[in-house]
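Structure first, commentary second.
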Amino acid sequence: GKKYTLPAWVSGENPYPSSIISHGKLIGLSNSNRTAQRNQPVQEFNHGLVLSREPLRDRDVFTVRIDKKVNSWSGSIEIGVTALDPAGLEFPSSATGLKGGSWIVSGCSVLKDGRSVLEEYGRDLDQLGEGDHVGIQRNGKGELHLWVNGQDCGTAASGLPSRLWAVVDLYGKCTQVTVVSCEPPPEMDGEEDEEVEDEIVSTQAVSIMADASSVIYHSGSSGGVAGLGVAGGGMTTNDALLFHEKCGTLIKLSNNNKTAERRRPLDEFNNGVVMTNRPLRNNEMFEIHIDKLVDKWSGSIEIGVTTHNPNNLDYPATMTNLRSGTIMMSGCGILTNGKGTRREYCEFSLDELQEGDHIGLMRKVSGALHFYINGIDQGVAANQTPGVVYGVVDLYGMAVKVTIIHNHNHSDRLRRNNAIMRALSPDVGRPRPALSLTPEPDVPERLLFHLNCGQKAAIISDGRTALRPHATDDFNHGVVLSNRPLHSNEVFQVRIDKMVDKWAGSIEIGVTTHNPAYLQLPSTMTNLRSGTWMMTGNGVMHNGTTILDEYGHNLDRLKAGDTVGVVRKEDGSLHFFVNGVPQGPAAWNVPPSVYAVVDLYGQAAQATIMDDMADLPPLPDDSSEGPTAMSPGSPCSVSGATAANDLRFHQLHGTNAVITNGGRTALRQNCRSEFNDAIVISNRCLRDGELFEIVIQKMVDRWSGSIEAGVTAIRPEELEFPNTMTDIDYDTWMLSGTAIMQDGNTMRNNYGCDLDSLTTGSRIGMMRKATGDLHYFINGLDQGVACTGLPPEVYAVIDLYGQCVQVSITSSSGPLDNSLCTSNITEKSFPIHSPVAGVAHHLHSKHGKNVVLLGDGCQALRVDGYAHGIVFSAKELKTNEVFEVKINKVDDRWSGSLHVGLTTLQPPDLPSCPLSGLSPSLTQLRSKVTWVLAGSEVRRNGVLQRQNYGCSLDRLTVGNRVGVKRCSDDTMHILIDGEDMGPAATAVAKNVYAVLDLYGKVTAVSIVSSTLVEDSESVKAPSLSPDSCREGEEDSTPVREVCHLRGSCFEPALVPTVMTFLENHGKNIQLSNQNLTAARVSSYNQGLLVTAQALPPVLSQFQIDRLNSSWTSSLSLGVIGHSPDRLNFPSTACCLKRSVWLLQRDSVFHNSLKICENYGPNLDTCPEGTILGLLVDSSGCLHLFVNGMDQGIAAQDIPSPCYPLIDLYGQCEQVTIVTNHVSVVGGERGDMRCQGDMEKADMVDGIKESVCWTPPPEVNPNKTCEYQALCSRFKELLALPDGYFNEDAKYNLCYCESCHKLRGDEAYYKRGEPPRDYALPFGWCRFALRIKTHCEVSNAFKKWHIAYHGTSVGSLRCILDHNQLLSAESSSIFSLSPVKTEDHGSYGEPEENSAPEREIPRVQLSPTMRYSGLEVFAPKVQFRDPRSLRCHQAQVGFQVCVRPGSYKVGPTSLGISEPLDPRFSNAEIEWITKEKGGTLLYGLLIRVE
């Protein structure tokens, strides 16, 4: 065949002398211009464009061979054709920059003039290797074909002009190619006539398709013209719904305008608005697929409609800024013209959607606007939507890339059809008429799995088995349904065939009203918000909401071979089976014709339907009347036991209440996020002398207040259930705590019982006597007359309020739901008999796997081995409260002994016993901060803190007593036989549990301690916490002047009254300490808090109590400008977008938009003990205070009133409202002075030397600063003797941005006599040196000036050995090798009668490290961090005290013209000293890059 060569002008030869020719500037040609290589292939990745010398002939395949590739870059060879004449072409940097009729194949995409017209075409060119052949061809029909290794990849584009040049781009990895041929493929030589006929047919087909309304896509894997040639790989008519070419400034469109992507997603979060190319039709689905998200920003995709024509619209930064003609869904709410019109539109939040999820919208003929999430209709979002609207997508925040979904494949068509049918057809989800609910006996219809299943599921074995084929790659999308509805009393049972150990969670089973033929299956069935009941773990969920917390056997513990089943009985009750054992009724009023559901979730990988149900026992008949279960000691009703059997809870009840167990049991759903709206009422009036008695079955420690009980004359049908029953102002009598209330008003206090003090297992009864008197009964004992004059017909009322979650009627017949039995309750224990005076301590029910608790939790016995014997106190210890045990039994076969300590681990958060996952010994318990005494060693999270503490626990034997307490000064004390051994650990957190380890020889202990302090905090009046006040200070201490180091004295008053957290908060929050303390009890989010009171015009402060390093990021705080009482708390504060000002990291956000950067310290680095304060001044400006230091104005125009808002996110797990005066940086107790009032000689780095301010123990930022830890690890690599450094670590200061802002450091200070400025070494870390006592200046150095000296790593040891700086000449600062000591003998002590010394070398100093830290003075050295194994560069220097008058101030000796420090001119930035003894080493400085 004919050999083609590359044009001469590419290599510099100009065949056209009259023309100016340009080309790829990095290309070199050889081999008679047949080989092209890209020069500098490792340094450059583009400018490698070459073109064929002559235009291509039709049917010729221009083929090149890839000769060389490098791995330095991404991307590879690109090939195509261009209509541009090379003679006049200005070569772009890459082929995709060619315009004016150019078609390029790049990777597996086809681009026309730089815009993508076809995705997923042919072979991926980036995957080709050296030796592969790539060719490009224009056939006789004007179509472009790609050839790879002799194989035609099909039509890439059509409608190409006749005159084209071949283009090859040596891009990225591809560095050299050679032309191997340019001739027609062999099989095409004899087909020219046939090709002409094909061309006519094709032309006709293209003409026909020009009027088609559907979109045709070419399959790139076919060989030849598949589905007709269409330009750009698919031709869309003007009818197709695409993105409009006019879009936001950062939007890039591709894929024939079906895909939109926001550029620079990690740098910009807005300017990503795109709109449809035409208005939406009525009932037309506009649906997009989320292709890509980034995890950097708050907020995510927003979608909606607008009346604005995109051709005339000036696109805003975000669509919610548009104030006319726009309806957007944002988060879970609806915004109309930028203002919230529906705060809680749907259960889903767009901010929580993941890659792969679908979002759609539709304007109905009626004008109603509906949104769809993953095919599920979310209901009407807005009525009377204008007739002409365009679809809008805002790629905001996390959302980066989306694609419009067309009905071009079956799965998307099913999704769209399902969404439309669910919106329009009322019959969706009902059984089809063709399905017989009662199959004929002679032809039973077999239960199988329906073929429409989850995305990751598959149906095999003729429909009997379902599996997740790739169970180790994904944990959800495994939902399968039965092929027909279940008959009444028909059991659907499956066997677990296969499980994987990779995931948490396991199989879930239940029923749904949705027909699988039309259902768009969710990722997990519990996400479905209608017509669905599922058993998951050991709970039951209805429409995604938990209705039973503790039901039956935990499905997460099942193994392969176990079976689970479900049945709906004729009475509408739903029952589950585990291994054939009925678990009791789970739900009532389940409609008929429900489909069985199995969710192969988490560990469950495969399940098979079991046809043989013969082994299943019969279900108990709930309607059968059994013996009456009367409470012991309860008075019998006048009418006898049988008369009381029909007492139930009425079917009408409060919003959060659930009635189960045949009307005998009532519970409050979502008990950890809801505390009220759970009123239940009896189904009929009480008869005279009839007892209505309930037993408390479950309580939570989350709320204050508890059950309220009483009677009302209001019929249930006429009662509008309020939040709490005491809100009713007529015909109602209630007992709340100890108060008798009538119509919401207190009639009497101190009634004979206190409902707030009742615990799990307590019984409460009410009886109306014939005389009209109301009596209450507690555990069967009559408490006397509560009130008189009741009308004859009253209903019993129970308010499941606060701590009380679940109750059951005791006088009704029939078995109680086994999921509700009190044996399962662990959150509050039954009352115990105290072995000692007062309220006895007892042990928590969560403990090590080898421990058994006896004596109502007062004794612990290790029954096996020598370890796994950890036990906890049942409750957190109060300040100065002693938790003490006596050793009852020892086994001398083992070594080791009892361990004792305190821990921040919350035992209620641990899984159920036995705790095989708990550490085998207490010294290994490190999931939370734990202080422990083992033997005579005190350890914190396993790290040794001190040795030889007190009497060794290893010496104890039977009869010895061991106690632990946390004192008011945050120290842990150990007591042995009642004797206090002194402080064992400091900086102990406030909320700690006592923890013991029955380790080694100690096998049994019993509790001998008790507390005489009243246990119930709910009845205490709010007061300042005594342990939060300073010693000697009264609560009424007047506010002192707050002085700080910013040069101005700001005087914010502290909060004079106690603020508390509002009981409406994020679902993972638990309040305690009279609502002054808030803790996040699980996960890393859902931790939003607001205060119950508005922010006063004084300083309000909050202390960080506990951090968890397992997470990243930390708390954020700010204010919210509207009442939080009805606020629907999202997962994080950044999702709040109405009247919210938020401080997060070191930025300020308003309504989730960043308005300020580099404000204050980075809150993510604030350590435990940091005190953060909020203040809105008289001008409406918001201030942040950190440890008493004002960080300046964060935001302006704050409304009044506003409420403090805190998000316990990530690392931050607990905060407490500060109710006492907190010391302010720079001030002394009892005598606060501004810095200007202090003696200048007293100041070093702005901190008094004698009372050098540090936060309380464990609060010093250097204990948690990662940068300081990195510098410390580098210092350890230097192997410098510890004797040179100050033992007190509080003088080691980190000057990274976060640490110095936390301390409130100024950039410059004065020091010495006379005073002279110096700069703090920002960016460096200082390690304090030990001051040599023999120095003549040891008592006067405070009057010296501060300066800095940069040096090399190799000179450090010599400088420290001689305690004197070395000059640049003598220390060889440009050499990184260690300097020998003997080279600098002149700095040692002179020998007696020695010859006079030589001239002392010059030592260069500077008042700023911006000069002394230059690399010429402090050379960089590379090292590898032993922890992260990453390489860093480090510099070293010294902070020194220099005697006034011993140095000369002069200009820089480096000849630098630009200023280095704004405070010091270059004419006085260098200090020179030759005086021996004129400098004193004060600190070693280290900087790491």
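Looking only at side-chain heavy atoms (C-beta outward), Val179 and Thr35 stay at 4.5 Å or farther from each other.
Checking each of Ile301, Asn374, Leu350 against Asp357 for a side chain to side chain contact (heavy atoms under 4.5 Å, CB included) leaves exactly one that passes, namely Asn374. The only member of Leu170, Val168, Leu98 that meets side chain to side chain contact (heavy atoms under 4.5 Å, CB included) when paired with Leu49 is Leu98.
One finds no salt bridge joining Arg115 and Asp113 here, because no Lys/Arg side-chain nitrogen approaches an Asp/Glu carboxylate oxygen to under 4.0 Å. Salt bridge Glu284/Arg278: present, at least one basic N to carboxylate O contact under 4.0 Å. Here Arg59 does not pair with Glu183 in a salt bridge; the nearest charged N to carboxylate O distance is not below 4.0 Å.
Between Phe45 and Trp73, the ring planes are tilted. Angles from 30° to 60° get that label.
Crowding of Lys173 atom NZ: a count of heavy atoms from other residues, nucleotides or ligands under 6.0 Å exceeding 12. The environment of NZ in Lys68 is sparse: at most 12 heavy-atom neighbours from other residues, nucleotides or ligands sit within 6.0 Å.
Looking at every heavy atom in both residues, Ser102 comes nearest to Leu84 through OG-CD1, 4.2 Å.
The CG atom of Leu128 sits 9.5 Å away from the SG atom of Cys174 when rounded to the nearest 0.5 Å.
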Intermediate values then yes/no, side-chain contact (heavy atoms from CB on, under 4.5 Å), Arg264 and Leu250 = CA-CA 8 Å; Arg264 306 203 310 273; Leu250 291 180; 3.8 Å; yes

